[in-house]
Amino acid sequence: MSADRDTGVALEVRQLSVRYGDVAALSEVSVSVAPGEVLALLGPSGSGKSTLLAAVAGFLPPSAGEVWLRGERVASPGSVVPPERRDLGVVFQSYALWPHLSAVDTVAYPARRRRVGRAQARREALSILDRLHVGHLADRRPAELSGGEQQRVGLARALASQASLYLFDEPTAHLDTHVRGVFLEELLTRQLATGAGGLYATHDAEEALGLADRVALLDAGRVVQVGTPGQVYAEPVNRWAARLTGPMSAVTAKVLDATADGCTIDLAGNAVTVRCPGRSAPAAGTTEFLVRPGWARLGGDLTGRVRSVWFRGPHSDHLVETPVGDVLIREPGPPHESVGTAVAWSLERVWELGDEGSPVAQPSILAGPE
Ligand code: ADP
């Protein structure tokens, strides 16, 4: 371990590269987690999320770069502190429970290690199991539990561990919506109470944006963007990031005028004034703009035709074919218009998409959270 202590940071990953033989799984990744903060790692399958967690946990050595925990260097190419000396709460996809321990003893174990008395450790364990709806299975061993029940016991053990940094690798992948909500709520309450940091890997944008303080977007082993959920959703750095972080459509328009208050853009012959954060001057040619489903409305001066409609429960999505591209419009309640109908619509806000060389060539209107 090194000196240069900086206890203001729970985790700092500096220019980390990890290879599996010839495969560069992570390339020069830098991220940090403050005490009490949850950083979500959001990326598609194969983007390097699990590799980053494994490197932070100490299961994989860096080929370059460093990992620091609470101001101590725990990994560099020449030296690696083993996992058991890193004070981490780890919930990976395989939740490896001890076969000989009952659920309650498993969850009480971290408290017992902290020398909490047996009765109190058991009480705390039972209350966590109860909240995850497996309290009635407290005396069963892993062999007597279903996969989903074992996962909840694994989550309960992690919640009981009181580590200073939690690592989660898609922990809610097999949970039903209700238990998932309870778990996430419990996790955040505990984190706030203890000041622990969290690094949370998921491919689910809705989950990442809903639970994290900040989100790091990972693509092919590289960090593409780090920002608050609001930033990565409303101001993605490129089309790929826009597609990863939620449902989107894109329109092509020329910027006629732009000030701090808004832009006037030419949408197929209609001059429309919209909010356009980030742009403050007119542009010479046409520009591609991101439109999130809530940034356009049915009704207004623009014309289009409904191509598809999806009833989503609390709201409905209308895909409207327009002269400037297909626009996804979200309205509260059941569908307002049926397929094939000519509709009027309006645009309230846009975000300029940069980086034409981004990995995704076409807009994905249906990808991301609903
Ligand atoms: P994610 O967790 O985002 O799905 P991973 O970290 O598992 O991504 O994988 C990152 C990259 O490393 C992928 O290209 C994957 O194929 C590769 N990879 C993962 N594990 C191994 C391994 N044991 N050997 C070789 N390549 C691997």
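All ligand and atom numbering here is 1-based and tracks the order in the structure. Side chains are part of it too, since the values below use all heavy atoms of this structure and drop only hydrogens, waters and symmetry mates.
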Going by atom types alone, do [X] and [Y] pair a side-chain donor with an acceptor below 3.5 Å?
{"X": "D219", "Y": "S47", "result": "no"}
{"X": "D130", "Y": "S127", "result": "no"}
{"X": "E170", "Y": "H203", "result": "yes"}
{"X": "T259", "Y": "R279", "result": "no"}
{"X": "T273", "Y": "T264", "result": "yes"}

Review point. Looking at atom 24 (N) of ligand 1, would you say a protein heavy atom lies below 4.0 Å from it?
Key: yes
Which of the numbered atoms in ligand 1 are below 4.0 angstrom from a heavy atom of [X]?
{"X": "K49", "answer": "1 (P), 2 (O), 3 (O), 4 (O), 6 (O), 8 (O)"}
{"X": "P44", "answer": "3 (O)"}
{"X": "S47", "answer": "1 (P), 3 (O), 8 (O)"}
{"X": "T51", "answer": "5 (P), 6 (O), 9 (O), 10 (C)"}

Practice item. Tell me which protein heavy atom sits closest to atom 22 (C) of ligand 1, plus the residue, atom name and distance to 0.1 Å. Key: Y20 CD2, 3.4 Å
Check your understanding: Just distances here: any N/O of G46 and N/O of ligand 1 closer than 3.5 Å?
Key -> yes
Check your understanding: Under 3.5 Å between some N or O of ligand 1 and some N or O of A25?
Key -> no
Point to revise | Candidate pair R214 and E37, rule salt bridge (charged side-chain N to carboxylate O under 4.0 Å, His left out), full reasoning | key: CA-CA 8 Å; R214 289 185 306 140; E37 182 185 47; 2.6 Å; yes
Review point. Which of the listed options, S50, G21, G48, A55, holds the heavy atom that is closest to atom 8 (O) of ligand 1?
Key: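 Nearest heavy atom to atom 8 (O) of ligand 1 lies in G48.
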Check your understanding: Does at least one non-hydrogen atom of G43 fall below 4.0 angstrom from an atom of ligand 1?
Key ->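 G43: no contact with ligand 1 (<4.0 Å).
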Practice item. With salt bridge (charged side-chain N to carboxylate O under 4.0 Å, His left out) as the test, would you mind laying out the steps for R73 and E66 before giving the verdict? Key: CA-CA 7 Å; R73 192 174 64 202; E66 298 179 344; 3.4 Å; yes
